[in-house]
Amino acid sequence: MTSVRVHTHPAVSILLAWMVLIPGGIAFAQEEDAGTYGEREKKLEWSGNLDAKYALFHLDMRSPFLALQFPGARPSSSYLSQYRLEPYLNAAYRSGDVGFVLKTHATYYSDSDTRVDLFEAYGTYSPSFNTTMQAGKRVYSWGKGYAFNPVGFVNSVKDPENPELAQAGLLSANVEYLKSFQSTALQSIAITAVLIPPAMLPNSRYGEMEGVGLALKAYALLWDTDIEVMTLQSEDKPRSYGLDFARNLQENVEVHGEFSYAQGVQRFSVRDGMLTRGDRDASTYLVGLRFLSASNTTIIAEYFHNDVGLNKGEYEEYSAFVLNGTTSPIAAVLQQTLATQQKYFKGSTLMQEYLYLKVIQPEPFDWLYFTPSVFMIYNLEDKSALLSASLSCKPSTNVEFLLWPTVLVGSPMTEYGGKQLQERVEFWLRVYY
Amino acid sequence: MKTFLGLILTVLAAFTLMAQDANTLLKEVDDNLMPDSYEAYRKLVNEEPDGSKKEFTFYTVKKGKDKIAMLYLLPASEKGRSTLRLGDNMWLFIPSANKPIRITSLQSVVGGVFNNADLMQLEYSVEYDAVFAEGTATEYVLDLKAKSRGVAYERLKMWITKGKKVLRKVEAYSASNMLIKTLEFKDDKNYGGGLNRPSVIETTSPLYKGYRSFMIYQSIKKRQFPDEVFTLTYMNRLGELR
């Protein structure tokens with residue numbers, strides 16, 4: 001007789017246990033809700049918006065990153081423009097406890113250069129008010145930070161220049177359970193379990209079973225404070241643990257924070273002109289506040305420590321590496337530099353210490369439906385900064401105009417001062433439907 | 001001396017009784033305006049000096065004294081947004097950002113004359129203490145003082161009909177006693193279930209000369225909800241209640 005031993009990934013074991021425990025909650029909730037709600041109608045709703053975006057760029061022709069952006073031939077003019085369309089089309093269907101959500105996005109530059117993205121496509125089943133199950137591609141937004149989310153283990157990569165922009169989701173399945181209490185201390189809890197499929201094997205549509213990941217999050221509204229603890233357990237990614245909170249200190253002051261600890265994070269830097277990998281445990285955190293003044297000005301301030309980011313010396317060495325690669329007469333060296341930058345050094349916050357500051361003044365001088373704001377991402381290590389303003393006007397229903405100038409400041413070897421872009425002005429026309 | 005003390009105690013007792021009566025009346029006004037737990041469809045129309053209008057439609061659910069949630073149905077630019085208020089805590093959910101953020105009751109989400117506190121109004125008697133002011137032949141007048149600093153308006157002055165105790169007008173004042181806005185309650189309508197109340201609240205503000213806002217209650221229905229509806233996790237599912 002042959003015995004077969006089955007190895008079960010710990011993540012799967014936890015999820016199985018969760019699935020066994022949940023039905024009790026479902027049964028309880030169904031009993032509680034019986035007779036309270038009438039038959040709900042089937043509904044299919046379409047929505048979306050079309051963004052027409054015109055942008056002017058002023059380039060720094062000396063920046064080595066310019067050669068990476070235009071590896072074929074550098075532009076002869078330091079002023080470039082771009083015109084693109086971005087339609088968003090969303091559909092949401094619901095019939096009783098069952099629903100379906102579809103969110104698509106396209107970027108159109110020309111007939112020959114158009115990209116369509118499936119941001120979200122997931123089915124949802126809510127057997128009770130307490131429980132929801134979803135499967136498909138879905139956006140998660142873990143964390144309380146506005147511009148950065150150290151605990152966003154399952155989040156899409158956020159753009160700190162536009163944190164409210166819709167992003168592509170994660171292929172996953174999840175179960176969410178929530179419960180309220182008649183208590184002044186603990187008012188509600190929510191538990192979320194997310195099952196993440198493994199990374200696909202090279203040139204294949206299959207992933208190894210052991211690579212299945214599990215992310216868990218527990219939320220509580222405790223003494224008027226939002227508190228969350230979360231973890232990510234995966235063979236493909238570093239094991240991560242996180243904690244976040246948000247609370248109103250006064251009626252016009254909110255504070256929030258996030259802390260994450262990840263084991264064995266791959267950290268890349270350049271040493272002596274060579275790409276170097278050094279694994280380490282990383283503690284990344286953020287503290288922030290949101291303040292509303294008597295004159296209706298909102299201020300958002302956040303300090304972000306990125307433990308796996310480059311320090312000042314490492315960034316300078318990386319910049320020198322890019323400079324050498326882009327000035328090399330050998331084409332293969334430029335290609336290798338480009339590949340290294342794309343794979344290991346992509347993003348707008350590559351270093352360790354950042355300060356984010358945003359000031360929003362809705363309807364100044366009693367100009368209704370006009371909202372100007374300014375924000376800054378300041379690199380505390382190399383003293384470079386990205387300064388930007390956003391002037392939004394909604395003169396009529398479902399129409400928004402946005403003027404969005406941006407300036408990057410800093411010396412040539414700094415993160416923002418060394419970028420290929422010195423100034424940018426975008427003009428958006430957004431029509432909602 | 002005893003007579004003097006007695007007089008003071010009598011006056012104090014009279015004031016306390018008057019305050020109690022005023023707060024009882026305020027509670028009656030609340031009861032006449034809304035059921036304890038309900039769902040409502042409301043339209044907000046912001047009218048500008050040139051006559052142009054901006055309209056918003058909301059689906060609102062409320063339970064008990066301190067739980068209220070609101071889903072934006074129209075226009076398309078705001079559709080899917082939702083706000084949740086639990087006592088002094090308030091959150092805003094933006095679909096594109098896909099997460100609730102803490103906001104304050106003093107901010108305005110829709111622009112125009114209304115702020116969040118106007119749209120997410122709890123019962124007056126929850127947020128204010130009332131005393132009688134000099135009334136008219138047909139109306140009681142109450143002076144309301146905020147119980148906490150988290151309330152949008154430090155002081156309110158309220159006109160209530162003597163017969164059916166229906167709210168007719170509210171003036172909202174800042175801490176410096178400046179008139180911020182005036183709300184007029186008009187066009188009584190029978191919503192069924194014994195609820196007969198003004199269907200339109202017209203708001204003007206000396207800070208926004210020439211602008212007017214109308215809050216039109218299209219339907220109000222008694223309905224019970226589980227507490228779970230009033231949680232952060234449920235904010236993106238509010239539409240399932242409709």
With sequence neighbours excluded, tell me which residues meet ring-ring contact (aromatic ring centres under 6.0 Å, His included) with A/Trp428. A/Trp404
Could you please spell out the steps behind the side chain to side chain contact (heavy atoms under 4.5 Å, CB included) verdict for B/Arg242 and A/Lys43? CA-CA 10 Å; B/Arg242 297 174 59 224; A/Lys43 278 194 210 109; 3.6 Å; yes
Part of A/Tyr219 within contact of chain B (heavy atom distance under 4.5 Å): side chain
A/Phe129 side, atom CZ; B/Arg237 side, atom CZ - distance, nearest 0.5 Å: 7.5 Å
Chain B contacts, top residue of A/Glu400, A/Gln250, A/His256, A/Lys394 (heavy-atom pairs, under 4.5 Å): A/Lys394
Okay, B/Leu86 and chain A: the region with an atom under 4.5 Å from a heavy atom over there is side chain
Toward chain B: residues of residues 158-168 of chain A with heavy atoms under 4.5 Å: A/Lys158, A/Glu164, A/Leu165, A/Ala166
Does A/Gly143 offer a backbone N or O that forms a donor-acceptor pair with the side chain of B/Lys99 under 3.5 Å? yes
Within 45° cone of A/Tyr369 ring axis and under 6.0 Å: B/Lys54 NZ or CZ: yes
Rounded distance (nearest 0.5 Å) linking atom CG of A/Leu221 with atom CZ of B/Phe230: 14.5 Å
Considering only heavy atoms and a distance below 4.5 Å, find which of A/Asn248, A/Val399, A/Asp226, A/Val139 pairs most often with chain B. A/Asp226
Between A/Gly99, A/Ser126, A/Gly48, A/Ala92, which has the largest tally of heavy atom pairs under 4.5 Å with chain B? A/Ser126
Using atom types as modelled and distance alone, determine if a side-chain donor or acceptor of B/Thr231 lies under 3.5 Å from a backbone N or O of A/Leu178. no
Are B/Asp227 and A/Gln187 close enough, and set up right, to give a side-chain hydrogen bond (donor to acceptor under 3.5 Å, both in side chains), and what steps lead you there? CA-CA 9 Å; B/Asp227 287 338; A/Gln187 295 177 56; over 6 Å; no
